[in-house]
Every structure is written in C-alpha cells, then in structure tokens.
Amino acid sequence: MSSNPVAETVSSLMPRAKEELTALVAFKSVADFDQFPRSESVGAANWIASALRAEGFQDVDLLDTPDGTQSVYGYLPGPEGAKTVLLYAHYDVQPPLDEAAWATPPFELTERDGRWYGRGAADCKGGVLMHLLALRALKAHGGVPVHVKFIAEGSEEQGTGGLERYAEQHPELLAADTIVIGDAGNFRVGLPTVTSTLRGMTLVRVMVDTLEGNLHSGQFGGAAPDALAALIRVLDSLRAEDGSTTVDGLASDSAWEGLAYDEEQFRRDARVLDGVELIGSGSVADRIWARPAVTVLGIDCPPVVGATPSVQASARALVSLRVPPGVDAGEATKLLQAHLEARTPWGARVAVEQIGQGQAFRADTTSPAYQAMADAMAVAYPGEEMQYAGQGGSIPLCNTLAALYPRAEILLIGLSEPEAQIHAVNESVSPEELERLSVAEALFLRNYAAG
C-alpha cells in the first residue's frame, strides 16, 4: 500500500483490531435462540455499544426490533453543515455447522497462514472493525469530516426483518446522504470491488404428511405413501436436468452485464471436487448474479445412525430461493409455494410456510459517492481500478433503506471475498483486506465530504 498518513495510522491500529475482533468473535451471537443463548447476542451488542461510546458516539442505544433481536445505534456528530453517512454492519452470525470440521474452534479467532479464522471474522464482525478503524484513522488526522450514523444489525443472517421493520417505524433514525453497507466483499483478494446488485430471497418451510404414523416398511412398504419419498420428489422438481432452477412461472434466462467470472476460477473459489460438474447454464456470472437459484438448506428425516425400517409419515424441508433484481420477492414466494403444492405427488398433504423474505437490490453506480469511493480505492489498492460485481446473497435492508431514503446513495463493500468461505466451516478474514478497506473507507469519507 502506498505510504500516506491515513494508511500508516490504520497499519499501526491493526494489532488492536485483532484483539478487538478476537473479543467480538468469541460471542456466539447466532440470532436463533432455540440453538444459542440470547445472552451471547446481548453480549456482542453491548460490546459494540461500548466501543461506540469510547469513540465519542452519542445517543448510543440498543434498539429492540420487532423480531426479538437488538440492533446497536450510535451517532457521531461532524462539522456543522456536513453530510451524513450511515455505516452498516451486522454482529449476528451463521451457526458454525459441524464444529468438529473446523481446524480451530469457530468462536476463537485464530491466525493461520496469514488469515484470521473464526465465525463472523469476515461476515460481518470484521465489518464492524472496518468501520471503527476508518473512523479512528480520520480522528488521528484532522477529525471525521461528516456526521456518522452507525448501525449494527442483530438478525441479518436470519432474514427475519427486525431492523427493516424498526427503520420503517422510525424513518428519521437512519436517514443519511450516503449509506455504506459493510457486508459485501471484493471479487478476489486485492481487487477493490463494489457490489452493484444483490439477489433477493425467500425462505420457506415445506411440510409433507401422508400417514397418521410411521409404518413397518416390510409390512406396508410398496403401497403405503412415504412422506420422505414424496418430499424428495417435490424438491427434485425444483431443478432441471442440468441443475438449473425451475420454479413454474419464474424466468431464469437473464444475463449479467459486467465483470466476468472465469469458470475455472469459480471452481477453485467454490472448491468443487475434481470431476464434478457445475450446474446450470449460461456464464457463471449469469447463474450466480442474474438468475434465480434454489437451495435445499435442510431436511428433517431420520438420521442414518439409529434409523428403523419404517415408512415415514411426515417429512419437512427448509428451502431458500434467491431472486435477481427485477423480480419481486413476494411474487417469487407465491410462485414457489404454488410450484411446491402442485408438484407434491400422490395427493400427499403439503403445507408451505414462509419464514423470511427480502427484495433484490440494484445500486446507482453513476452517483458522486461512487466516484469518491473509486478514488479512495485507487489509493488503498495501488495499481488497481475499482470493479463492479454482483453478489448472489441478499441484504434485505438495502431495499428498505432505498425506499425510505430514495435520494441516498448506497455503496456495498466488505470483507467477504471468496477465500473467506463465509457461512461455511473455517470462515476467515484477510487482515490485509481489513487494513486496505479500512483505509479506503476513511479516504472515501474524506473525499465525499469534500465533493
């Protein structure tokens, strides 16, 4: 990184940032209180609130949102007449999945091969530290030149919309000229990237019932309708032979215009096993940024160990459907529900329950804030030009903020580049990316204030 005072200050702050990220990662802040204690999320929220107070933030508060979680808010006043920037991250994390599969404990930040491993290190507790580092660097060199609103969401990973509903009920709270969402990531390590589109999502639970109770498979199998087999059939109907998503009535032929994603690079990023084909048609970018994608997230059925010779009376699954910009998530939910009901075989009873939903997002990349960010990233990443990429994931809050504040400019940056393996075992963050993006954000705030 080229030498400049802001970059030098961020570099000097990195040991402290590692200590703080270690403390924050230690909270098992999964916003599913049937699996993880609420106290872990409360602890993480209080940690962030304390950090904001230490930086001089005012009106720091833990907001009780309608989904039963808390978001952390703070306000840092800038010079009179300055613009207002909202900085966003989330402190809730995905469950660690199989803890035994982690090379090191998921809630203990561990350095290995130049990366810091731990659940939430990149998604998105690292984003909290990125914002703090940028503000600290500016305070060391003349002060923060804008008014800053800071919001750390407590249930982004659950998709339950707590902060969205709270923002709608208190529209003045998060109003800003520009919003920086710190929950995206570079296309690859070292390539500065802003995310210009996000897919929306819907999450449904499918329940299939066929019998009053399980039956002996030897006595009744062959004629008794098996609920698990019926569920497998209906789930299989969501994919074409090549693996493309096929929901009746939902278009799946859009094309991505922008940064290309090399197929071999994608295979490496996704860690696809040798000989295993990619699914779908069109370019990789088409498939992951511009088209719908269905994923079966889980199935309730007997585990192999301890299974009995029984015809199953009931089975259920959790199904996620990602939808690209231009597709209304509510309409996609209706189409998915109708498809599942129509494709369930043998007259089995089926119930589809919506669990979560979020709209897709498309940014206005022609706005002045994007030029300010491009100039900042050119300094933080010497020799590299800022790129525009899509992201297959969803951040439902983006559309809520865009609707509430139609004049606000929204930028998405962050630490979730492919090597971070977010949502998977052995999630990690690149400390170099944390450092560079913190510098970029600090310089962006300075550029934007002067623009």
Practice problem: Would you sort out whether Lys28 and Ser41 count as a side chain to side chain donor-acceptor pair (under 3.5 Å), showing the intermediate values? | Solution: CA-CA 7 Å; Lys28 301 176 182 179; Ser41 289; over 6 Å; no
Would you indicate whether the side-chain heavy atoms of [Y] and [X] approach each other to under 4.5 Å?
X	Y	result
Val194	Met386	yes
Met373	Ile413	yes
Tyr261	Trp256	no
Gln391	Leu198	yes
Glu153	Tyr88	yes
Pro302	Gln312	yes
Asp242	Ile279	no
Leu445	Leu138	yes

Looking at [Y], is its backbone amide N or carbonyl O close enough to the side chain of [X] to form a donor-acceptor pair, meaning the two atoms are under 3.5 Å apart?
X	Y	value
Thr110	Glu108	yes
Arg316	Met207	no
Arg287	Ala293	no

Exercise. List the steps, then state whether side chain to side chain donor-acceptor pair (under 3.5 Å) holds for His90 with Glu156.
Key: CA-CA 6 Å; His90 64 84; Glu156 190 276 339; 3.3 Å; yes
Identify each donor-acceptor pair in which a side-chain atom of residues 397-410 lies under 3.5 Å from a protein atom, sequence neighbours left out, and give them as a table.
unit_1: Asn399; atom_1: OD1; unit_2: Phe361; atom_2: N; d: 3.4
unit_1: Asn399; atom_1: ND2; unit_2: Ala360; atom_2: O; d: 2.8
unit_1: Thr400; atom_1: OG1; unit_2: Glu164; atom_2: OE1; d: 3.4
unit_1: Tyr405; atom_1: OH; unit_2: Pro171; atom_2: O; d: 2.7
unit_1: Tyr405; atom_1: OH; unit_2: Leu174; atom_2: N; d: 3.4
unit_1: Tyr405; atom_1: OH; unit_2: Ala175; atom_2: N; d: 3.4
unit_1: Glu409; atom_1: OE1; unit_2: Ser367; atom_2: OG; d: 2.7
unit_1: Glu409; atom_1: OE1; unit_2: Ala369; atom_2: N; d: 2.7

Of the non-hydrogen atoms in [X] and [Y], which two are nearest, and what is the gap between them?
X	Y	value
Ala363	Tyr370	CB-OH, 3.1 Å
Leu133	Val10	O-CG2, 4.3 Å
Ser416	Asp123	OG-CB, 3.9 Å
Thr195	Ala184	OG1-CB, 3.3 Å
Arg291	Ser281	NH1-O, 2.8 Å
Gly358	Ala329	O-CB, 3.3 Å

Exercise. Go through the steps for Asn4 and Glu8 under the test side chain to side chain donor-acceptor pair (under 3.5 Å), then give the verdict.
Key: CA-CA 6 Å; Asn4 68 68; Glu8 291 171 358; over 6 Å; no
Sequence neighbours left out, what passes salt bridge (charged side-chain N to carboxylate O under 4.0 Å, His left out) with [X]? Give chain and number order.
X	value
Arg165	Glu168
Arg115	Glu417, Glu419
Glu111	Lys18
Asp269	none

Quiz prompt | Pairs involving residues 55-74, ordered by first then second residue, that meet salt bridge (charged side-chain N to carboxylate O under 4.0 Å, His left out) (sequence neighbours left out) | solution =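 Matches after skipping sequence neighbours: Arg16-Glu55, Glu55-Arg136, Glu55-Lys139.
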What residues, two or more places apart in sequence or in another chain, satisfy side chain to side chain donor-acceptor pair (under 3.5 Å) together with [X]?
X	value
Glu40	none
Ser50	none
Glu433	Asn186, Tyr381, Arg436
Glu263	none

Working to the nearest 0.5 Å, report the span between [atom1] of [X] and [atom2] of [Y].
X	Y	atom1	atom2	answer
Leu52	Gln58	CG	CD	12.0 Å
Leu437	Ser430	CG	OG	9.0 Å
Ile232	Cys301	CD1	SG	7.5 Å
Leu318	Leu297	CG	CG	5.0 Å
Thr193	Glu384	OG1	CD	9.0 Å
Met377	Gln387	CE	CD	10.5 Å

Just wondering, more than 12 heavy atoms not from [X] lying within 6.0 Å of its [atom1]?
X	atom1	result
Glu257	CD	no
Glu277	CD	no
Gln169	CD	yes

Quiz item: With a 6.0 Å cut-off on ring centres, are Phe150 and Tyr75 close enough?
Solution: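 No: the rings miss the under 6.0 Å criterion.
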Practice problem: Determine whether the side chains of Gln357 and Thr333 contain a donor N or O and an acceptor N or O closer than 3.5 Å. | Solution: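 There is such a pair (donor and acceptor under 3.5 Å, judged by atom type) between the side chains of Gln357 and Thr333.
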Exercise. Apply ring-ring contact (aromatic ring centres under 6.0 Å, His included) to Tyr91 and list each qualifying residue two or more places apart in sequence or on a separate chain.
Key: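 Per chain and number, Tyr91 pairs via ring-ring contact (aromatic ring centres under 6.0 Å, His included) with no residue.
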Practice problem: Apply ring-ring contact (aromatic ring centres under 6.0 Å, His included) to Tyr448 and list each qualifying residue two or more places apart in sequence or on a separate chain. | Solution: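 If we apply the ring-ring contact (aromatic ring centres under 6.0 Å, His included) test to Tyr448, skipping adjacent residues, the hits are Phe444.
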Self-check item: side chain to side chain contact (heavy atoms under 4.5 Å, CB included) between Val85 and Lys149, intermediate numbers included
Solution: CA-CA 6 Å; Val85 177; Lys149 294 181 177 180; over 6 Å; no
Quiz item: Can you check side chain to side chain donor-acceptor pair (under 3.5 Å) on Gln421 and Ser428, steps first, answer last?
Solution: CA-CA 7 Å; Gln421 293 291 296; Ser428 67; over 6 Å; no
Practice problem: Could you walk me through whether Asp92 and Val30 pass the side chain to side chain contact (heavy atoms under 4.5 Å, CB included) test, one step at a time? | Solution: CA-CA 5 Å; Asp92 70 304; Val30 179; over 6 Å; no
Quiz prompt | CA sep, side-chain torsions, deciding dist, call: Phe27, Val93, side chain to side chain contact (heavy atoms under 4.5 Å, CB included) | solution = CA-CA 10 Å; Phe27 292 105; Val93 299; over 6 Å; no
